[in-house]
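What you see is a predicted model, and the numbers here were worked out from it, not measured in a lab. Quick note on labels: first sequence line is chain A, next is B, and so on, each numbered from 1.
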There are 2 protein chains.
Amino acid sequence: MGMKQAMAIQIPCRECPLRQLPLFITHSAEELELLQALKQRELRLAAGETLILEGQTDTPLFTLLSGWAFRFKTLSDGRRQILNFLLAGDFIGVQQKMGDAAAHGVTTLTDSLFCVFQRDALWELHRRSPVMGFNTTWLIAHEESLVDDSLLSVGRRSAEERIASLLILLFKRAAALQLDGGAAGVPFPLTQQHMADALGLSLVHTNKTLRKLEKRGLHELKDGRLYLRDARALTRLADVWGDGKPTPRPLV
Amino acid sequence: MGMKQAMAIQIPCRECPLRQLPLFITHSAEELELLQALKQRELRLAAGETLILEGQTDTPLFTLLSGWAFRFKTLSDGRRQILNFLLAGDFIGVQQKMGDAAAHGVTTLTDSLFCVFQRDALWELHRRSPVMGFNTTWLIAHEESLVDDSLLSVGRRSAEERIASLLILLFKRAAALQLDGGAAGVPFPLTQQHMADALGLSLVHTNKTLRKLEKRGLHELKDGRLYLRDARALTRLADVWGDGKPTPRPLV
DNA sequence: CGTTGCCTTGATCATTATCAATCATAGTGG
DNA sequence: CCACTATGATTGATAATGATCAAGGCAACG
């Protein structure tokens, strides 16, 4: 299964692809030194490999430097729910307390590069740099709020609406990591099975719904890339807040 | 709608009902002083009142001192998804960055008492006590991981399984706040509509499923209290990890 | 008593799941 | 170059699950 060696030479944190993200912009040289010191090593995985197994204990903390991955939970008969997708810049493993078993697994969608931190790195970060500790807290809280959106989709949106909102969300997230902002589409490494597992739909129904939207000209999925052909219509369908409409909600 | 006055005399933080929770146990007198200093005021709401409106900006941070509440999102046609239930000791409002609009609303289920903090209290906490900042981060991450469970339920569990897992989860959380550990049941202030909105089911189907489980003797819901009559069977039905069974998952 | 809110139930309908094929593509070994 | 295999996409037929509609019931309350 194409297991590759960890690189002998690591990327220094001042060259880290995350440096331009909110968490990292304001940091002084010494804060970068701190990050560097806490960093344990890098880890490279091929597509489809598993970083964290459900139930595993004492997993380290990770940061995703490049590639795509996802967090998931399964039931004992194999039903799987994808909790969210991970893109470059995301944290991994903050949900479980030290000593606890991982409540979810993490698997890659593409070849991926991770930065590995010891479990107590988060505490060191707080202790030695309250600013970075604080920023991290917000980042974690914000990342987790993506799950809130998913829950709204899966709980209350129709199949069409779910597909639409997933496409929009992933497009936005992926486009934000590109220089062209998605003008030429974005990479889209999910299979329809992944989409089904993220949206709480069956594979077959996912396929049919996807085809329907594509035939209507809302999007195009081709050669592993996603193009939004009618972002307006997709947004309307997904009922996404604050995009087309300026929050017209009655607010009681 | 029974809006009540905020109490003139506030509970000092050293008397706070949260003091025995993980976040608060290890704290020195001066750390309690810090909490006290950051605390702005207390707020009392009646059952069914709204603490935060979706889309509201610059809401303060809250802590729930007593009572029950829930976080939710709605679609523009009124479909509502309850994200999670809030019990004494929970944080509220950490999901949105300063200046952002609230991505979810918060409404009470019972008469409730909140502790109100300024929005920058979280930063002050980090700056002046890295330990408490760190603990807060974990607490937030852990609270948010409850949503992961919900997502698994709504996405992949059948109606019966969803009901079972909700009953178990809420029972455990509520029982942990009682001295008797739930021996005489726990308060259960949700209507079936709330359960439906949390589980992604219709009201009618929620009712039927609930009745079915109750007739089978798995639980009893009476006078606003929940009793688990066959916790083993409920756990099996819900496929909850690490309870009856010692993690028998294959882990591939 | 007449509301009002919440729970309950039966009948019917819709959406989504399941089952079963087929097809396309890429990789593998002979 | 040709089976042989494997993965993923696609489609039609049928079944199941859960939603919607409609109607009461029951208790609390002014």
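A straight line from NZ of B:Lys208 to P of D:dC21 spans 13 Å, rounded to a whole angstrom. B:His205 places its NE2 atom 18 Å from the P atom of C:dA14, with the value rounded to the nearest Å. Computed from coordinates, the A:Leu203 CG to D:dT7 C1' distance equals 12 Å when rounded to whole Å. When rounded to the nearest whole Å, the span between CD1 of A:Ile163 and P of C:dT15 equals 16 Å. B:Asp197 has its CG atom 14 Å from the C1' atom of C:dC6, to the nearest Å. Rounded to an integer number of Å, the gap from CG of B:Leu210 to C1' of C:dC6 is 13 Å. Rounding to whole angstrom units, CG of residue A:Asp223 and P of D:dG8 are separated by 16 Å. Separating the CZ atom of B:Arg157 from the C1' atom of D:dT17 is a distance of 17 Å, rounded to the nearest angstrom.
In this structure, A:Gly200 reaches the sugar-phosphate backbone alone: every heavy-atom distance under 4.0 Å involves primed, P, OP1 or OP2 atoms, never a base. Among the heavy atoms of the strands lying under 4.0 Å from A:Ser202 is at least one base atom, whether or not backbone atoms are also near. Within 4.0 Å (heavy atoms only), B:Thr209 reaches no atom of the nucleic acid at all. Across all strands, A:Leu201 comes closer than 4.0 Å only to sugar-phosphate atoms, never to a base (heavy-atom distances).
When each of A:Lys215 and B:Thr206 is assigned the nucleotide of DNA chain D with its nearest heavy atom, A:Lys215 is the one assigned upstream, toward the 5' end.
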Might you work through the side chain to side chain donor-acceptor pair (under 3.5 Å) test for B:Thr74 and B:Glu54, ending with a clear yes or no? CA-CA 8 Å; B:Thr74 54; B:Glu54 274 178 289; 2.5 Å; yes

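A donor-acceptor contact shorter than 3.5 Å links the side chain of A:Thr191 to the backbone of A:His194.
Here A:Asn207 reaches the OP1 or OP2 of D:dT10: one of its side-chain N or O atoms lies under 4.0 Å away. Taking side-chain N and O atoms only, B:Arg211 has a distance below 4.0 Å to OP1 or OP2 of C:dT9. For B:Gln192, no side-chain nitrogen or oxygen approaches OP1 or OP2 of C:dG5 to under 4.0 Å.
Salt bridge annotation for B:Arg79-B:Asp197: absent, with no cationic side-chain nitrogen under 4.0 angstrom from a carboxylate oxygen. Using a 4.0 Å cut-off between a side-chain N of Lys or Arg and a carboxylate O of Asp or Glu, A:Arg44 and A:Glu49 do not qualify as a salt bridge.
Residues A:His219 and A:Asp230 fail the side-chain proximity criterion, which asks for heavy atoms closer than 4.5 Å.
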